[in-house]
Amino acid sequence: MAEKFDVIVVGAGMAGNAAAYTLAKGGLNVLQIERGETPGSKNVQGAILYADAIEKIIPDFRDEAPLERHLIEQRVWVLDDSSYIGTHYRSEAFNQEPYNRYTIIRAHFDQWFNKKAREAGALTICETTVSELLLDGKKVIGVRTDRKGGEIYADAVILADGVNSRLAVKAGFHAEIQPRDVALAVKEIHFLPQETIEARFNIGEEEGVVIEMAGKISAGMMGTGFLYTNKESITLGVGCMLSDFKQQKVTPYALLDRMKSHPSIAPLIAGSEMKEYAAHLIPEGGYNAIPQVWGDGWLIAGDAGQFVNGIHREGSNLAMTTGMLAAQTLVELKQAGKPFTAGNLAKYKRKLDDSFVMKDLKKYRRMPDIFHKNKQFFTTYPELLSKAAQTLIRVDGVDKKTKEKSIKQSFVAARSRLGLIGDAFRFWRAVE
Amino acid sequence: MLKVEEKLFQDRYRVDAGHPHISIRDADLCTHRCSERQCTVCCPAGCYTEEGNGKVVLITDGCLECGTCRIICDEHRNVEWEWPRGGFGILFKFG
């Protein structure tokens with residue numbers, strides 16, 4: 001079976017589907033290979049869909065895509081063991097169409113997205129694992145799959161095979177991912193009647209709320225938690241850097257269970273039925289962890305290229321955008337009659353640099369390192385903030401000046417004056 | 001507190017009986033030369049267990065295919081890790 005395609009796309013996640021769709025629309029002969037039973041059956045995400053990225057690929061996605069709720073409220077909580085302090089931002093502007101962000105369920109969304117790619121002309125085969133890339137010298141000429149006679153040839157391969165990009169490592173394109181460049185997230189989906197969710201979060205039909213969490217929820221590790229409202233379910237989870245899990249020897253599901261029992265979170269999921277538990281790695285090494293993403297006959301898109309903006313909780317939009325840009329590069333070269341050499345594919349790099357993807361990642365290039373080295377942002381400060389709020393809000397006969405003094409003293413005692421100034425500077429450097 | 005087995009019970013799998021996709025390369029290395037055995041703590045599906053004699057036992061049936069075990073074994077690189085054959089392994093209903 002020596003079939004040959006213009007392009008093979010490995011994976012049917014956000015990057016792979018965006019690439020396959022764009023290639024097919026551009027008139028290229030594209031084969032997409034997915035190891036799951038169906039597209040989406042191996043994919044895990046929170047999940048929030050950012051409309052802008054999908055809109056650039058399928059402008060009228062809202063008419064058909066399986067969407068859960070559009071988000072009208074963002075909560076950011078900093079937790080200690082018994083409390084949270086935070087900000088809530090709700091706006092009627094988020095209730096105006098076209099909506100900006102939605103919660104989605106990946107197993108449903110990915111099937112729809114893949115259907116669009118197939119309708120555009122892509123051929124998708126599922127239940128097929130790509131075991132390695134076929135190389136002619138340094139040039140990628142196809143893939144070997146676990147099907148009988150499973151060698152398939154193409155002029156280019158887009159690796160959209162996710163965070164554990166085994167193919168690129170095996171081919172020697174880049175080294176194995178490091179524990180400090182990746183977060184392990186565990187999550188559960190909990191079902192509740194629609195009315196219960198809407199009452200608990202003070203929202204109407206189709207409206208949704210996001211809670212992003214930091215603080216003692218990560219047990220001293222660099223990490224965050226989340227809770228998203230779907231139509232009839234709530235997904236919640238917690239993720240921390242793998243290097244911290246390793247060093248502190250924390251069991252991920254124990255961390256998740258502790259989060260679920262937090263007095264501020266437990267009532268939100270009370271009485272629910274848990275229907276799935278999932279774990280997934282998130283590339284969080286940022287700009288400095290991005291490997292070479294193009295070469296002779298190959299391009300890397302999505303999580304496989306570490307395209308995640310950790311601090312803004314953005315990943316799927318970067319995946320879709322990089323998948324689209326990789327595909328556009330190939331379509332343009334094909335139309336110009338140019339071969340897919342490393343030199344010509346460098347066009348992908350220029351497209352990435354011109355997009356929000358690399359601009360945002362570059363902006364936060366220092367963040368992972370600063371947070372790795374300064375765990376006080378995940379331990380000391382959440383406690384100080386909580387105690388300060390407690391002191392200010394509790395009415396107990398102590399005068400306000402004395403209260404303010406005790407708050408100031410608690411900060412200085414924990415971090416010293418110089419330490420506080422240093423932390424402010426470090427935080428600013430991280431997000432500057 | 002739920003045990004991880006109770007969580008995994010909610011998940012859907014097609015187990016590739018007789019073809020585990022992950023294996024320990026050198027079992028003696030885990031027992032005698034690895035003092036951390038972080039795989040027995042950090043695997044989110046509890047696939048790795050440590051027996052009394054320091055032996056590490058791996059059962060991949062409940063694997064969530066996250067990649068944690070391979071990446072955290074960065075000192076010894078003692079985990080042979082491949083994807084399950086096409087169609088096998090975890091099948092997320094929601095993801």
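Side chains are part of it too, since the values below use all heavy atoms of this structure and drop only hydrogens, waters and symmetry mates.
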How long is the span from the [atom1] atom in [X] to the [atom2] atom in [Y], to the nearest 0.5 Å?
| X | Y | atom1 | atom2 | value |
| --- | --- | --- | --- | --- |
| Leu256(A) | Lys7(B) | CG | NZ | 5.0 Å |
| Glu6(B) | Tyr253(A) | CD | OH | 11.5 Å |
| Gln45(A) | Phe92(B) | CD | CZ | 13.0 Å |
| Trp83(B) | Arg166(A) | CH2 | CZ | 8.5 Å |

Point to revise | Residue pair Glu65(B), Arg35(A): steps toward the side chain to side chain contact (heavy atoms under 4.5 Å, CB included) verdict | key: CA-CA 12 Å; Glu65(B) 297 168 27; Arg35(A) 64 188 186 88; 2.8 Å; yes
Can you tell which part of [X] gets under 4.5 Å to a heavy atom of chain B, answering side chain, backbone, both or neither?
| X | value |
| --- | --- |
| Thr128(A) | backbone |
| Leu184(A) | side chain |
| Glu37(A) | both |
| Val186(A) | side chain |
| Ile189(A) | side chain |
| Gln178(A) | both |

Do any N or O atoms from the side chain of [X] and from the backbone of [Y] form a donor-acceptor pair under 3.5 angstrom?
| X | Y | answer |
| --- | --- | --- |
| Thr129(A) | Pro84(B) | yes |
| Asp146(A) | Arg85(B) | no |
| Tyr277(A) | Phe9(B) | no |
| Lys246(A) | Ile71(B) | no |
| Asp74(B) | Pro179(A) | no |

Point to revise | Pairing residues for Glu276(A) by the salt bridge (Lys or Arg N to Asp or Glu O under 4.0 Å) criterion, not counting sequence neighbours | key: none
Flag side-chain contact, heavy atom, 4.5 Å: [X] against [Y]:
| X | Y | result |
| --- | --- | --- |
| Asn164(A) | Arg70(B) | yes |
| Thr68(B) | Phe245(A) | no |
| Glu36(B) | Lys249(A) | yes |

Point to revise | Heavy-atom contacts under 4.5 Å, residues 11-21 of chain B to chain A | key: Asp11(B), Arg12(B), Arg14(B)
Exercise for review: Could you tell me which portion of Cys39(B) (side chain, backbone, both or neither) has an atom closer than 4.5 angstrom to a non-hydrogen atom of chain A?
Suggested key: neither
Exercise for review: With a 4.5 angstrom heavy-atom cut-off, could you sort out which part of Glu82(B) is near chain A: side chain, backbone, both or neither?
Suggested key: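 Contact with chain A involves the side chain of Glu82(B) alone.
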Review point. Looking at residues at least two apart in the chain, or sitting in another chain, which of them share a ring pair (Phe, Tyr, Trp, His ring centres under 6.0 Å) with Tyr48(B)?
Key: none
Practice item. State which residues pass ring pair (Phe, Tyr, Trp, His ring centres under 6.0 Å) with Phe226(A); sequence neighbours excluded, sorted by chain then number. Key: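 So Phe226(A) forms a ring pair (Phe, Tyr, Trp, His ring centres under 6.0 Å) with Tyr228(A).
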Point to revise | Geometric class of the His108(A)/Phe94(B) ring pair [parallel <30°, tilted 30-60°, perpendicular >60°] | key: perpendicular
Review point. When heavy-atom pairs shorter than 4.5 Å are enumerated against chain B, which of Arg106(A), Lys275(A), His280(A) gives the highest number?
Key: Lys275(A)
Check your understanding: Are more than 12 heavy atoms from other residues, nucleotides or ligands located less than 6.0 Å from atom CZ of Arg77(B)?
Key ->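 Enclosed.
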Exercise for review: Kindly give the heavy-atom pair with the smallest separation between Cys42(B) and Pro252(A), and that separation in Å.
Suggested key: O-CG, 3.2 Å
